[in-house]
Novice: 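My questions will all concern the structure given below.
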Amino acid sequence: MSNANFQALPGFRDFYPDELAVRSHIMRTWREVARRYGFQEYDGPPLEPLELYTEKSGPEIVQQLYNFTDKGGRDVAMRPEMTPTLARMAGARAGGLRKPIKWFSIPQLFRYERAQRGRLREHFQLNLDIIGEDDVAADAELLAAAIDMLRAFGLTEQDFVARVSDRRLLRALLLHAGVPEDQLVLVYNIVDKLERETRETIGARLRGEAGMGDEAVERTLDIFRHTDFKAVRQAYGGTEGVGPEIERMAEILGHVEAMGLGGYVRFDLSIVRGLAYYTGIVFELFDARGELRAICGGGRYDNLLGQVGGVQLPALGFGMGDVVLKELLTDRGLLPETRQTLDYYVIAPPEQRAELLSVVHRLRDGGASVDYAYKPAGINKQFKNASALGARRTVVLGPETSAEGVAIVRDSETREESRVPLAELGRP
């Protein structure tokens with residue numbers, strides 16, 4: 001027999017009961033907020049055709065995937081994201097689904113990347129999407145839902161910020177600055193690095209990679225010197241082709257302000273999100289101290305369903321992973337107590353085992369969590385077990401009390417005892 005000491009693969013997690021309790025708390029909160037917003041939960045297979053991801057992201061995505069050829073000769077991959085599956089599923093039944101489609105899911109996703117703080121090779125992610133609605137109200141609704149997801153954990157304006165931009169507005173501004181239309185996607189990816197690279201480096205990349213002249217480069221960089229929406233509106237509100245996009249953004253921000261969430265939002269043109277399929281609003285949620293990776297990101301992707309699902313429908317959505325969120329909640333002291341608790345621990349001498357089992361089962365039938373000693377043990381040891389398991393109450397059976405048809409129920413915190421008829425144990 002092998003004596004190998006097996007461990008989890010790099011970037012993958014074991015969830016012991018304490019860790020699983022935290023994960024369950026996060027998912028429970030996500031589901032509750034999604035329910036309040038009127039979303040329905042769905043799921044899809046963890047294994048999909050490889051082509052589903054290369055069609056959306058190009059062949060370069062393969063190096064980030066867990067992919068293989070299955071025994072039927074099919075090229076498949078563990079899902080690295082949920083949006084292609086959503087597009088496939090919604091496209092398959094688009095004609096019979098009431099619009100807008102408001103769905104959410106919490107899949108486990110897999111990417112073959114270098115594990116680091118805030119990024120593993122697997123994680124659970126809330127995906128929340130609206131399909132079939134092009135009104136700005138849907139953009140504001142999605143942004144509000146993302147903000148409320150974090151508020152539901154007890155996070156406030158002092159803990160996180162939603163940084164918001166719009167691809168249509170940025171496109172209009174870049175075209176006005178002299179960026180060639182066929183270079184827009186490349187320029188998006190370059191300016192997306194504005195926070196991580198110097199303006200000189202970005203300028204050099206615009207000249208070298210996008211072939212832009214000095215004047216166009218300067219006008220492009222000037223766009224990002226405006227640090228709030230009011231400044232952008234004043235500088236470009238009267239510019240042909242730009243003004244309507246600014247007013248659309250103003251309407252979205254107005255909706256969010258009317259919901260009372262304006263304090264969480266900061267307009268920021270440097271939020272580009274490098275993914276080429278975004279077509280409208282884009283946003284990311286960050287911790288206010290700037291210590292962690294993005295907690296959440298999303299936006300509008302009006303062309304993706306046509307590309308992947310074969311049905312042209314406007315759509316928008318966001319993803320929020322559990323890894324960075326857990327780090328933020330840990331830093332802020334907002335994770336719940338994960339110590340095991342029980343409603344009851346039933347104690348009896350060995351000769352009353354049959355009666356103990358009857359009481360245990362009646363209590364469980366009534367919906368309580370109940371445990372007891374499997375092997376015969378002394379009364380004192382059973383009380384110690386009850387304490388170790390976090391039992392809120394103990395039910396003590398004994399020959400004399402049983403003869404009277406009662407049990408002693410003790411509150412573990414107050415130590416108060418009461419005599420409860422055996423026939424009433426387990427009743428609501």
Novice: Of all the heavy-atom pairs spanning D148 and V33, show the shortest one and how long it is.
Specialist: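 Residues D148 and V33, closest heavy atoms: O-CG2, 4.0 Å.
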Novice: Check the pair S270, E195 against side chain to side chain donor-acceptor pair (under 3.5 Å), reporting the backbone distance first and the verdict last.
Specialist: CA-CA 8 Å; S270 71; E195 284 199 336; 4.6 Å; no
Novice: Write down the atom of V311, the atom of A94, and the distance for their closest heavy-atom approach.
Specialist: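 Looking at all heavy atoms of both residues, the shortest contact is CG1-CB, 3.8 Å.
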Novice: Between S105 (side chain only) and P107 (backbone N and O only), is there a donor and an acceptor less than 3.5 Å apart?
Specialist: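 A pair under 3.5 Å: no.
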Novice: Of all heavy-atom pairs between P376 and R353, which one has the smallest distance, and what is that distance?
Specialist: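 Between these two residues, the closest heavy atoms are N-NH2, 4.1 Å.
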Novice: Evaluate the criterion side chain to side chain contact (heavy atoms under 4.5 Å, CB included) for residue pair Q307 and E55; output intermediate values, then yes/no.
Specialist: CA-CA 8 Å; Q307 180 184 353; E55 179 69 23; 4.0 Å; yes
Novice: Between R205 and E197, does any side-chain N to carboxylate O distance fall below 4.0 Å?
Specialist: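 Looking at E197 together with R205, the answer is yes, because their closest N to O distance falls below 4.0 Å.
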Novice: Do the non-hydrogen side-chain atoms of F68 and L47 ever get within less than 4.5 Å of each other?
Specialist: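 Yes, their side chains come closer than 4.5 Å.
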Novice: For F153 and L328, run side chain to side chain contact (heavy atoms under 4.5 Å, CB included): C-alpha distance rounded to whole Å, both residues' side-chain angles, the deciding distance at 0.1 Å, then the answer.
Specialist: CA-CA 10 Å; F153 291 101; L328 179 59; over 6 Å; no
Novice: Is the shortest side-chain heavy-atom distance between N127 and L86 below 4.5 Å?
Specialist: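 They are not in contact (no side-chain heavy atoms under 4.5 Å apart), so the answer is no.
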Novice: With a 4.5 Å heavy-atom cut-off, do V282 and R300 have their side chains touching?
Specialist: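 A side-chain contact is absent here, since even the closest heavy-atom pair is not under 4.5 Å.
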Novice: Checking R293 against E327 for the salt bridge (charged side-chain N to carboxylate O under 4.0 Å, His left out) test, could you report, in this order, the C-alpha distance in whole Å, the side-chain angles of both residues, the deciding distance, and whether it holds?
Specialist: CA-CA 10 Å; R293 305 176 65 89; E327 289 189 6; over 6 Å; no
Novice: Give a yes or no on this: more than 12 heavy atoms of other residues, nucleotides or ligands lie within 6.0 Å of atom OH of Y112.
Specialist: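 Open: at most 12 neighbouring heavy atoms sit under 6.0 Å from OH of Y112.
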Novice: To the nearest 0.5 angstrom, please state how far the CE atom of M259 sits from the CD atom of E141.
Specialist: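 Those atoms lie 5.0 Å apart.
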Novice: Under a 3.5 Å distance rule, please check whether R121 uses its side chain to pair with a backbone N or O of E113 as donor and acceptor.
Specialist: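 Yes; at least one donor-acceptor contact below 3.5 Å.
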Novice: So does P244 get a backbone contact from the side chain of E247, meaning a donor-acceptor N/O pair under 3.5 Å?
Specialist: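 Between the backbone of P244 and the side chain of E247 there is no qualifying donor-acceptor contact (under 3.5 Å).
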Novice: Looking at L422 and A407, what are the two nearest heavy atoms and their distance?
Specialist: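 Closest pair (atom of L422, atom of A407, distance): CD2-CB, 3.8 Å.
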Novice: Does D159 pair with R332 as a salt bridge, N-O distance under 4.0 Å?
Specialist: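 Counted as a salt bridge, because a side-chain N and a carboxylate O are separated by less than 4.0 Å.
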Novice: For atom CZ of R93, decide whether the heavy atoms of other residues, nucleotides or ligands shown that lie under 6.0 angstrom number more than 12.
Specialist: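 Counting other residues, nucleotides and ligands, CZ of R93 stays at 12 neighbours or fewer.
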Novice: Before giving the answer on side chain to side chain contact (heavy atoms under 4.5 Å, CB included), spell out for D18 and Y16 the whole-Å C-alpha distance, their side-chain angles and the decisive distance to 0.1 Å.
Specialist: CA-CA 6 Å; D18 283 355; Y16 290 91; 5.7 Å; no
Novice: Hey, mind stepping through F124 and Q108 against side chain to side chain contact (heavy atoms under 4.5 Å, CB included) and telling me if it holds?
Specialist: CA-CA 4 Å; F124 290 88; Q108 187 175 23; 3.5 Å; yes
Novice: Would you mind checking if R410 and E417 are paired as a salt bridge, meaning a charged N to carboxylate O distance below 4.0 Å?
Specialist: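 Salt bridge present between E417 and R410.
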Novice: Does any N or O in the side chain of R79 come within less than 3.5 Å of the main-chain N or O of G44, such that one atom is a donor and the other an acceptor?
Specialist: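 Judged by distance alone, yes, a pair lies under 3.5 Å.
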Novice: Which pair of non-hydrogen atoms, one from I131 and one from A90, has the smallest distance, and what is that distance?
Specialist: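 Minimum heavy-atom contact is CD1-CB, 3.8 Å.
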Novice: Is there a side-chain contact between I271 and V164 (heavy atoms, below 4.5 Å)?
Specialist: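 Answer no - side chains too far apart.
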Novice: Taking atom NZ of K99 as the centre, report whether more than 12 heavy atoms of other residues, nucleotides or ligands fall under 6.0 Å from it.
Specialist: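 Result for NZ/K99: enclosed.
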Novice: Could you verify whether a donor N or O on one side chain and an acceptor N or O on the other, from Y53 and N67, lie under 3.5 Å apart?
Specialist: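 N67 and Y53 do not have a side-chain donor-acceptor pair below 3.5 Å.
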Novice: What is the distance from atom OG1 of T394 to atom CZ of R415, rounded to the nearest 0.5 Å?
Specialist: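 Answer rounded to 0.5 Å: 8.0 Å.
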Novice: Before we go on, tell me: are the rings of H123 and F110 under 6.0 Å apart, centre to centre?
Specialist: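 No, the ring of H123 stays outside the 6.0 Å limit from the ring of F110, centre to centre.
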Novice: Kindly confirm or rule out a cation-pi arrangement of R167 over Y278, judged by NZ or CZ under 6.0 Å from the six-membered ring centre and within 45° of its axis?
Specialist: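 No; the conditions do not both hold, so R167 does not lie above the ring face of Y278.
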Novice: Would you say the ring centers of Y345 and Y372 fall short of 6.0 Å from each other?
Specialist: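 For Y345 and Y372, the ring centres are not under 6.0 Å apart.
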Novice: Ignoring hydrogens and angles, state whether a donor on the side chain of R362 or S358 is under 3.5 Å from an acceptor on the partner side chain.
Specialist: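 Checked: R362/S358 side chains pair up, N/O donor to acceptor below 3.5 Å.
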Novice: Would you name the heavy atoms of L305 and A315 that are closest together and state the gap between them?
Specialist: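 Reported closest heavy-atom pair: CD1-CB, 4.0 Å.
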Novice: Could you tell me if D129 and Y301 have a donor-acceptor pair between their side chains, going purely by distance under 3.5 Å?
Specialist: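 Side chains of Y301 and D129: pair found under 3.5 Å.
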Novice: I want to check something: taking the side chain as every heavy atom from C-beta on, are Y66 and R111 in contact at a cut-off of under 4.5 Å?
Specialist: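 In short, these two side chains do not touch, never coming nearer than 4.5 Å.
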Novice: What distance separates F283 CZ from S165 OG, expressed to the nearest 0.5 Å?
Specialist: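 Going from the CZ atom of F283 to the OG atom of S165 covers 12.0 Å.
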Novice: Assert yes or no for the condition that the ring centre distance of F104 to F39 is strictly below 6.0 Å.
Specialist: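 Not under 6.0 Å, so no.
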Novice: Report the C-alpha separation of R248 and E251 in whole Å, then their side-chain angles, then the decisive distance to 0.1 Å, and conclude whether the salt bridge (charged side-chain N to carboxylate O under 4.0 Å, His left out) test is met.
Specialist: CA-CA 5 Å; R248 191 206 313 264; E251 192 173 353; over 6 Å; no
Novice: Measuring from atom CG of L269 to atom CZ of R163, what distance do you get when rounded to the nearest 0.5 angstrom?
Specialist: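 Answer for the CG-CZ pair, L269 versus R163, is 11.0 Å.
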Novice: Within the distance-only criterion (no hydrogens, no angle test), does the side chain of N189 pair as donor or acceptor with the backbone N or O of L186 below 3.5 angstrom?
Specialist: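 Not at all, since once roles are kept as given, no pair shorter than 3.5 Å links the two residues.
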Novice: Any salt bridge between D268 and R266, counting N to O under 4.0 Å?
Specialist: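 A salt bridge is present here (some side-chain N lies under 4.0 Å from a carboxylate O).
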Novice: Look at atom CZ of R98 and say whether more than 12 heavy atoms of other residues, nucleotides or ligands are closer to it than 6.0 Å.
Specialist: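 No, the 6.0 Å shell around CZ holds no more than 12 heavy atoms from other groups.
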Novice: Can you tell me how far the CG atom of L342 sits from the CG atom of D371, to the nearest 0.5 Å?
Specialist: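 Answer rounded to 0.5 Å: 5.5 Å.
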Novice: Just how far is it from atom CG of L313 to atom CG of N303, taken to the nearest 0.5 Å?
Specialist: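 Result: 11.5 Å between the selected atoms.
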Novice: Quick one: are L425 and V395 in side-chain contact, heavy atoms under 4.5 Å?
Specialist: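 Yes. Closest side-chain heavy atoms under 4.5 Å.
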Novice: So, the side chain of T29 versus the backbone of A152: is there a donor-acceptor pair under 3.5 Å, distance only?
Specialist: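 No, the answer is negative, given that no donor and acceptor are paired below the 3.5 Å cut-off.
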Novice: Taking R168 first and then D166, would you say they form a salt bridge - that is, a charged N and a carboxylate O separated by under 4.0 Å?
Specialist: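 D166 and R168: salt-bridged.
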Novice: Inspect the contact between R35 and E41 and indicate whether a charged nitrogen and a carboxylate oxygen are less than 4.0 angstrom apart.
Specialist: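 Looking at R35 together with E41, the answer is no, because their closest N to O distance does not fall below 4.0 Å.
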Novice: Distance-only, no hydrogens or angles: does the S402 side chain make a donor-acceptor pair with backbone N or O of G398 under 3.5 Å?
Specialist: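 Flag set: sc S402 to bb G398 pair under 3.5 Å.
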Novice: Contact between Y264 and L150 at the side-chain level, heavy atoms closer than 4.5 Å - yes or no?
Specialist: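 When only atoms from C-beta onward are counted, L150 and Y264 do not touch, as no gap falls below 4.5 Å.
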Novice: Give a yes or no answer on whether the side chain of E404 reaches the backbone of V406 with a donor-acceptor pair at less than 3.5 Å.
Specialist: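 No: the side chain of E404 does not pair with the backbone of V406.
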Novice: Ignoring hydrogens and geometry, is there a side-chain-to-backbone donor-acceptor pair from E122 to R13 under 3.5 Å?
Specialist: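 Yes: the side chain of E122 pairs with the backbone of R13.
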Novice: Side chains of I223 and V232: does their closest heavy-atom pair fall under 4.5 Å?
Specialist: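 No, side chains not in contact.
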Novice: Under 4.0 Å between a Lys/Arg side-chain N and an Asp/Glu carboxylate O for R392 and E413?
Specialist: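 No, this pair does not count.
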Novice: Within a radius of less than 6.0 Å around CZ of R225, do more than 12 heavy atoms belonging to other residues, nucleotides or ligands occur?
Specialist: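 Above 12, so yes.
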Novice: Crowded around E60 CD? As in, over 12 foreign heavy atoms under 6.0 Å?
Specialist: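 Buried by this count: over 12 neighbours within 6.0 Å.
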Novice: Does T69 use its side chain to pair, donor to acceptor, with the backbone of R74 at less than 3.5 Å?
Specialist: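 Judged by distance alone, no pair lies under 3.5 Å.
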